Amino acid sequence: MTLRQTKDPEKLNQIATEIRKSVIQSLTEAGSGHLGGSLGLADVFTVLYFSVLHHNPLDPKWPDRDRLILSIGHVAPVLYATLAHAGYFPLVELHSLRKLGSRLQGHPGREHGLPGLELSAGSLGQGLSVAVGMAIAGKLDLRMHKIYAILGDGELQEGSVWESAMAAAHHHLNNLIVIVDRNGVQIDGKTEDVMRLEPLEEKWKSFGWQVECCDGNNTGQLLEAFNKVYGIIDKPSVIIAHTRMGKGIKSIEGNFHWHGKVPDPDQAKEFLRELSGIEQTVDEASGNKI
Amino acid sequence: MVPFINRGNKPTKTGFGEGLLEAGKRNHSVIAIGADITTSVGINLFAETFPDRFISLGIAEQNCIGVATGLALEGKIPVFSTYGVFATFRAADQIRISVCYNNVHVIIGGAHAGVSVGPDGATHQALEDIAVMRVMPNMSVLSPCDATQTKLATLAAIENYQGPVYIRFGREAMPDFTESSLPFKIGKAQLFREGYDLTIAATGHLVWEALMAAEELQAHGISARVLNVHTIKPLDEEAIVRAARETGAIITAEEHQVAGGLGGAVAEMVTRYCPVPMEFVGMNDRFGESGNAIALMEKYGMTASMIFKCGLRLVDRKIKNG
Ligand SMILES: [Mg+2]
């Protein structure tokens with residue numbers, strides 16, 4: 001368990017804000033990366049690591065831990081910021097994002113030895129299949145832990161996702177919980193313009209999954225959704241989490257141009273000020289403080 | 001050297017099935033993954049004996065590879081097998097990122113290797129699988145020479161190895177001539193016949209052909225060394241470079257495209273450490289077709305007589321080179 005584990009949505013919101021700040025700072029310093037999706041998922045990551053997951057930052061390989069598979073490797077900054085805030089490694093290491101020799105690769109890479117990282121991933125459409133394998137292993141060994149997998153909505157256009165969705169239901173993997181980041185956008189624009197995904201709920205249902213929908217930027221609703229699916233027997237669950245890309249920064253919310261973009265130092269200063277709700281000194285907001 | 005004797009023809013895939021079953025008996029972590037065609041790739045034996053450790057995933061190779069990765073990350077030893085063409089190409093990205101980048105101990109069995117699959121034709125004849133597997137970092141590539149050795153290779157890959165392994169085998173009954181007592185070590189090529197005028201570095205079904213070609217060359221006064229290169233990656237540098245130095249000429253022989261296959265791998269190594277004239281027996285940038293297995297091997301020149309011809313030509317080139 002992390003030391004700051006809580007069920008209080010207010011406290012979770014505060015942690016999410018800290019995580020968002022770290023995301024902005026590390027991405028600004030890196031000079032490249034994916035800000036929009038990382039900010040949009042800050043609440044999901046916060047609720048998972050500070051409330052839902054059974055895990056221990058002091059023992060990252062604890063056999064009974066819940067596993068979190070991040071299939072959309074491009075939102076690595078929010079995973080890294082969350083792991084750091086949860087205590088897996090020092091916050092200061094977030095400065096090294098995307099730099100030569102860093103454990104914080106642009107897309108997660110296990111061979112660099114980052115504690116708490118379950119999977120090297122980033123090529124879309126693969127994470128769910130790995131999560132299915134982990135869930136099958138858990139069943140074979142009669143273990144109680146759960147496998148959580150975070151997928152993007154654009155990623156659902158990959159056919160391999162549906163191979164895995166079929167397999168998870170066929171094998172009754174009730175220890176598998178998927179979170180779809182339903183922000184409605186992808187690099188070229190709206191998902192529904194690029195390649196229609198709706199009716200998404202029905203798609204998952206028809207594949208044999210338990211489906212819950214919620215506001216993915218509302219920690220209270222997220223907690224409720226995770227609660228609902230926890231005790232499901234006989235089938236896997238998916239939480240379709242409606243999020244807003246760039247959530248927390250009004251000027252970029254919902255704007256798909258911020259999928260693969262980072263702020264310049266001046267923008268970062270503004271963004272951080274907006275998150276803090278207070279004036280910051282130039283030095284504090286220079287993008288060099290985590 | 002003890003001469004090799006064909007004890008009877010046997011498909012190499014039976015060796016894979018037997019090896020998997022035996023490993024499964026010894027180690028409860030061994031899990032088999034099937035993509036529908038379990039009987040034709042030889043994992044039905046395991047599935048019948050250990051139904052709880054057999055996972056049916058249907059015709060979905062990409063998911064199969066991902067599931068294998070997840071199982072391996074949890075300490076299982078997953079063995080996935082389907083036709084080599086689909087196991088490697090359909091799931092190439094999954095093998096690259098999920099399996100190889102995560103560097104997990106996943107065993108991929110590529111069945112129906114080579115044109116000797118026969119009547120099914122080009123779509124089902126794996127002729128580029130070695131090439132695509134051997135460029136993947138962390139991946140090891142095995143291509144054992146007969147059914148007996150395929151069993152040993154399967155056991156070695158499952159029980160005495162780490163990281164991703166690709167092992168290819170065929171469907172057609174081919175000479176079974178090695179002893180199960182012959183030690184098999186991944187990465188260690190086997191000297192099957194001593195010789196000093198040239199070396200035939202062969203893999204898979206072509207090893208038996210190489211032995212016959214060496215016999216024929218001997219009758220023409222040419223002493224040919226035969227190396228069984230059952231591991232294409234990691235390639236046995238010591239054996240290959242020594243063959244180049246001591247015999248001064250190398251023929252590679254494989255049931256696979258020369259480009260990117262054993263031919264390419266040996267040429268890369270020889271060029272770097274000890275350049276010598278080479279000849280290449282294998283497919284030359286073509287698809288196969290339907291036909292009887294032996295007729296196809298003949299048509300595409302993957303036979304003892306082709307190796308023999310290359311041997312004569314190679315000795316000529318060697319003499320001209322002085
Ligand atoms: Mg999206």
Side-chain angles (χ1 to χ4, degrees), chain A residues 61 63-71 73 105 107-113 117-143 145 147-149 151 158-173 175-176 207, chain B residues 24 27-36 50-80 82 86 89-108 136-138 162-164:
Chain A
K61 298 205 180 293
D64 292 323
R65 74 192 183 282
D66 291 332
R67 277 72 162 157
L68 182 108
I69 295 297
L70 178 62
S71 188
Q105 293 288 299
H107 292 79
R110 282 169 72 244
E111 68 176 17
H112 300 273
L117 179 60
E118 299 282 1
L119 183 72
S120 308
S123 174
L124 297 179
Q126 298 194 20
L128 182 54
S129 58
V130 176
V132 168
M134 288 178 150
I136 290 173
K139 290 261 174 194
L140 284 169
D141 293 344
L142 307 175
R143 303 182 87 106
H145 66 260
I147 317 294
Y148 293 85
L151 274 60
E158 293 277 9
S160 55
V161 170
W162 301 99
E163 291 185 2
S164 308
M166 209 184 310
H170 179 86
H171 289 284
H172 308 288
L173 301 179
N175 54 347
L176 173 63
F207 272 73
Chain B
N27 187 339
H28 290 263
S29 295
V30 177
I31 312 277
I33 296 173
D36 189 40
F50 305 110
D52 295 345
R53 286 192 275 135
F54 169 71
I55 302 166
S56 172
L57 291 175
I59 309 166
E61 296 80 6
Q62 300 176 58
N63 185 50
C64 289
I65 291 291
V67 169
T69 302
L71 288 164
L73 286 167
E74 294 295 338
K76 305 294 180 193
I77 306 175
V79 181
F80 166 56
T82 183
F86 309 129
F89 284 90
R90 178 60 69 91
D93 187 34
Q94 275 78 5
I95 296 174
R96 176 172 180 264
I97 298 297
S98 285
V99 174
C100 291
Y101 190 33
N102 283 287
N103 200 10
V104 284
H105 189 205
V106 166
I107 294 96
I108 302 168
M136 305 257 187
N138 295 331
Q162 285 302 313

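Values below: every heavy atom of this structure, side chains too, minus hydrogens, waters and symmetry copies. Model, not experiment: these values are computed from the prediction. Naming convention: chains lettered A, B, ... in sequence-line order (proteins, then strands); numbering from 1 in each chain.
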Got a donor-acceptor contact below 3.5 angstrom from the B:Glu74 side chain to the A:Ala137 backbone?
-> no

A:Lys139 side, atom NZ; B:Asp52 side, atom CG - distance, nearest 0.5 Å | 13.5 Å

B:Leu71 versus chain A, heavy atoms under 4.5 Å apart: side chain, backbone, both or neither?
-> both

Looking only at heavy atoms, what is the nearest atom pair of A:Ala167 and B:Asn63, with distance?
-> CB-ND2, 3.3 Å

NE2/A:His170 to CG/B:Leu57 distance, rounded to the nearest 0.5 angstrom?
-> 8.0 Å

Please step through side chain to side chain contact (heavy atoms under 4.5 Å, CB included) for the pair B:Ile31 and A:Ile136, ending with a clear verdict.
-> CA-CA 11 Å; B:Ile31 312 277; A:Ile136 290 173; over 6 Å; no

Looking only at non-hydrogen atoms, find the nearest pair between A:Gly109 and B:Tyr101 and report the distance.
-> CA-OH, 3.3 Å

Of the listed residues (B:Thr69, B:Asn102, B:Val104), which shares the most heavy-atom pairs with chain A below a 4.5 Å separation?
-> B:Asn102

Between A:Glu118 and B:Leu73, is any pair of side-chain heavy atoms under 4.5 Å apart?
-> no

Side chain, backbone, both or neither: which part of B:Ile33 has an atom under 4.5 Å from a heavy atom of chain A?
-> neither

State, yes or no, whether a side-chain contact exists between A:Glu111 and B:Asn103 at a heavy-atom distance under 4.5 Å.
-> no

Counting heavy-atom pairs under 4.5 Å to chain B, which of A:Asp141, A:Val161, A:Leu128 comes out on top?
-> A:Asp141

Locate the shortest heavy-atom distance separating B:Ser56 from A:His171; write the atom from each residue and the value.
-> O-NE2, 2.9 Å

What is the distance from atom CD of B:Gln62 to atom OG of A:Ser164, rounded to the nearest 0.5 Å?
-> 8.5 Å

Audit row: A:Gln126, B:Asp93, side chain to side chain contact (heavy atoms under 4.5 Å, CB included) steps and yes/no | CA-CA 9 Å; A:Gln126 298 194 20; B:Asp93 187 34; 3.0 Å; yes

Considering only heavy atoms, which portion of A:Leu119 lies under 4.5 Å from any heavy atom of chain B: side chain, backbone, both, or neither?
-> both

Among all residues two or more places apart in sequence or in another chain, which pass the salt bridge (charged side-chain N to carboxylate O under 4.0 Å, His left out) test with B:Asp36?
-> none

Residue pairs passing the side-chain hydrogen bond (donor to acceptor under 3.5 Å, both in side chains) test with at least one member in residues 128-137 of chain A, sequence neighbours excluded, are none

Where is the tightest heavy-atom contact between A:Ala121 and B:Ile97, given as atom of each residue plus distance?
-> CA-CG2, 4.4 Å

